[in-house]
Q: 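Structure provided below as structure tokens; questions to follow.
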Amino acid sequence: MQRLFNKRIVLGVSGGIAAYKSAELVRRLRDAGAEVRVVMTQSAREFITPLTLQALSGHPVHGDLLNPAAEAAMGHIELARWADLILIAPTTAELMARLAQGRGDNLLTTLVLATDAPIAIAPAMNQAMWRDAATQANLQVLLERKVHVFGPAAGEQACGDIGPGRMLEPADIAARAAECFERGLLAGRHVLINAGPTREAIDPVRYISNHSSGKMGFALAEAAAEAGARVTLVAGPVNLPTPPRVERIDVISARDMLAACEMALPADVFIASAAVADYRPIEAADSKLKKDPQSEDGMQLSLVRNPDILATLAARSERPWCVGFAAETHDVLSYARDKLQRKNLDLIIANDVSQPGIGFNSDNNSVTLIDRSLHQQHLPQASKTKLARNIIELIAGQLPARPEGR
Ligand code: PMT
């Protein structure tokens, strides 16, 4: 079921007696970590109230194709694009016929036409209707179009008949839905990433900081989420949108960042891409520091060392697999090797920030990965998005198996 983690599922509900089971199906899908948006046909509302499914899914239920308010919130094309899977449970004989004909006369059938996501149906109908030649012909059409068909089960039916046509149980449908997805490289893992700069206050209007934009760390967070991980992103002050399916915690200073990272533990992997300020003023002034108008003397600022977030997490007994970055302007690889050993890391990513067009605040980067056995792998210049996917793939390949019980 880990495959459902972070997956976006549009659950279509059509009007059959099995519609009451959709409530449990929503719960099962959400328990497995999926995000669920429910679309109900008009007749489904006769069997279960939208309010029930809204409460369980945590989102308003979609119903009308031509409702301007609903379209303004999330239009049908947007919903079709949003979905990783469209799952219709129950699917009545009538809806199967409409789908087979490629009709687009209500929101659900329109979504099926408009989406690129896989489509799965869980048929539910009287056994004679299921056996009927027309339904079987519709089934063949849908199977040829690569629609996943879950069930139906055979047994006693609501109408008293016995035979095939019962909708599968919600737990079985959720398990079959999970099989529609490949297992991500980081499925079941918790990846903690920090990104961006920190700001160390001098007074209420001034601070010490650096040029980090957060782009590298945000790209890594997005790539880790794409690989199926649960991702916590602790972000310094940056101006970037949160990547989809990523939990973001905003912080300002190095000490805040350390506290937020420690709070987010346990994690399987910690990637420290943040450019943490090494020093902070001994004390931040409560009010704006004023110049002495009578004097041309400079100003003395006394600094103290900030905690080393990466070294602190790497020194814990139950430590995550720790990946550091080394931003250097010269002797890049030798400083990186030194940081790898000194901070007790599993991997360090050497980043030559003296090169134009890469490093701080640029959209591109080029790095060299060095592991514990000092094996090096250079990743040539590419967009941070592409590079992040590459780095996440390499990390997933090196990650030890999870200890039992976690
Ligand atoms: O944010 P972008 O604009 O996209 O730029 C990306 C980047 C250049 C910031 C990033 O790729 C990078 O190199 N990040 C590390 C920057 C840095 O501070 O390196 P460092 O060599 O000073 O630190 C070594 C490692 O220790 C880093 O993983 C750093 O996060 C960590 N550290 C450092 C100091 C400290 N007090 N606590 C730490 O955890």
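Just follow the structure's listing: the first ligand is 1, and inside any ligand the first atom is 1. Just so it is clear, the structure is predicted and the values come from calculations on it, not from any experiment. FYI, side chains are in, hydrogens and waters are out, and symmetry mates aren't considered; it's all heavy atoms of this structure.
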Q: Pick from D203, V304, I202: which one makes a side-chain contact (heavy atoms from CB on, under 4.5 Å) with P281?
A: I202
Q: Are R27 and D31 ion-paired here, with the side-chain N under 4.0 Å from a carboxylate O?
A: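 Counted as a salt bridge, because a side-chain N and a carboxylate O are separated by less than 4.0 Å.
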Q: Using a 6.0 Å cut-off, check whether atom CG of D292 has over 12 heavy atoms from anything other than its own residue.
A: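 Correct, the count exceeds 12.
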Q: Does E283 have more than 12 heavy atoms from other residues, nucleotides or ligands lying within 6.0 Å of its CD?
A: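 For E283, atom CD is not crowded (no more than 12 foreign heavy atoms under 6.0 Å).
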Q: Taking 4.0 angstrom as the limit and counting only heavy atoms of K215, give me the atoms of ligand 1 inside it, by number and element.
A: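 Ligand 1 atoms under the 4.0 Å threshold to K215: 1 (O), 2 (P), 4 (O).
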Q: Is the closest side-chain heavy-atom distance between N365 and M216 below 4.5 Å?
A: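 Yes, close enough: below the 4.5 Å cut-off.
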Q: So, regarding A275 and ligand 1 (criterion: nitrogen or oxygen to nitrogen or oxygen, under 3.5 Å), is there a contact or not?
A: no
Q: Below 3.5 angstrom, do we get any N/O pair linking S273 and ligand 1?
A: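 Yes.
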Q: Under 4.0 Å from any heavy atom of G324, which atoms of ligand 1 are there?
A: 28 (O)
Q: Measuring from the heavy atoms of G196, does anything fall under 4.0 Å of ligand 1?
A: no
Q: Distance to 0.1 Å, residue and atom name: give those for the protein heavy atom nearest to atom 2 (P) of ligand 1.
A: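 For this ligand atom, the closest protein heavy atom is S213 OG, 3.4 Å.
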Q: Looking only at protein heavy atoms, which one is nearest to atom 11 (O) of ligand 1, and how far off is it?
A: N351 OD1, 2.7 Å
Q: Quick one: look up the protein heavy atom nearest atom 34 (C) of ligand 1 and list residue, atom name and how far away it is.
A: D278 OD1, 3.3 Å
Q: Flag the pair E24 and R28 as a salt bridge only when some basic side-chain nitrogen lies within less than 4.0 angstrom of an acidic carboxylate oxygen.
A: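 A salt bridge is present here (some side-chain N lies under 4.0 Å from a carboxylate O).
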Q: Nearest protein heavy atom to atom 37 (N) of ligand 1, by residue and atom, and its distance?
A: I309 N, 3.1 Å
Q: Provide the number and element of each atom of ligand 1 under 4.0 Å from a heavy atom of A272.
A: 27 (C), 28 (O), 30 (O)
Q: Where is the nearest protein heavy atom to atom 25 (C) of ligand 1: which residue, which atom, and how far?
A: F325 O, 3.0 Å
Q: Just one of R3, R8, R245 clears the salt bridge (Lys or Arg N to Asp or Glu O under 4.0 Å) bar with D84, so which one?
A: R245
Q: Report yes if N306 has an N/O atom closer than 3.5 Å to an N/O atom of ligand 1; otherwise report no.
A: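 No, there is no polar N/O contact under 3.5 Å.
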Q: Has K384 got any heavy atom lying under 4.0 angstrom from an atom of ligand 1?
A: yes
Q: Applying a heavy-atom cut-off of 4.0 Å, say which part of S212 lies close to ligand 1: side chain, backbone, both or neither.
A: both
Q: Would you give the length of the straight line joining atom CD of E200 to atom CG of D256, rounded to the nearest 0.5 angstrom?
A: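 If we round to the nearest 0.5 Å, E200:CD and D256:CG are 8.5 Å apart.
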Q: Among all protein heavy atoms, pick the one closest to atom 16 (C) of ligand 1 and tell me residue, atom and distance.
A: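 I find the closest protein heavy atom is A327 CB, 3.6 Å.
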Q: Just distances here: any N/O of L310 and N/O of ligand 1 closer than 3.5 Å?
A: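 Between L310 and ligand 1, an N or O pair is found under 3.5 Å apart.
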Q: Could you tell me whether some N/O pair between M216 and ligand 1 is separated by less than 3.5 angstrom?
A: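 Yes - when backbone and side-chain N and O of M216 are compared with those of ligand 1, one distance drops under 3.5 Å.
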Q: Quick one: do the R98 and N138 side chains pair a donor with an acceptor below 3.5 Å?
A: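 On atom types as modelled, these side chains do not qualify, holding no pair under 3.5 Å.
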Q: Is there a donor-acceptor contact under 3.5 Å linking the side chains of T135 and D132?
A: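 Side chains of T135 and D132: no pair found under 3.5 Å.
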Q: Which protein heavy atom lies closest to atom 30 (O) of ligand 1, and at what distance to 0.1 Å?
A: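 Going atom by atom, the protein heavy atom closest to atom 30 (O) of ligand 1 ends up being A274 O, 2.6 Å.
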Q: In this structure, which one of I309, D308, N210, L258 forms a side-chain contact (heavy atoms from CB on, under 4.5 Å) with V276?
A: I309
Q: With a 4.0 Å cut-off on heavy atoms, is G214 touching ligand 1?
A: yes
Q: Starting from atom 31 (C) of ligand 1, what is the nearest protein heavy atom, named by residue and atom, and what distance separates them?
A: K343 NZ, 3.8 Å
Q: When only distance counts, is H211 in polar contact with ligand 1, meaning an N/O pair under 3.5 Å?
A: no
Q: Is L99 close to R145 at the side-chain level, that is, under 4.5 Å between some pair of heavy atoms?
A: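 A side-chain contact under 4.5 Å is absent here.
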Q: Looking only at distances, can you tell me whether any N or O atom of P307, backbone or side chain, sits closer than 3.5 Å to an N or O atom of ligand 1?
A: yes
Q: Tell me, yes or no, whether the heavy-atom count around D331 atom CG, taken from other residues, nucleotides or ligands under 6.0 Å, exceeds 12.
A: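 Enclosed: over 12 neighbouring heavy atoms sit under 6.0 Å from CG of D331.
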Q: Is there a donor in the side chain of R337 and an acceptor in the side chain of Q376, or the other way round, less than 3.5 Å apart?
A: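 Result is yes, a qualifying pair exists.
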Q: Backbone or side chain, does any N or O of A326 fall under 3.5 Å from an N or O of ligand 1?
A: no
Q: Could you say whether the N/O atoms of N361 and ligand 1 ever approach to under 3.5 Å?
A: yes
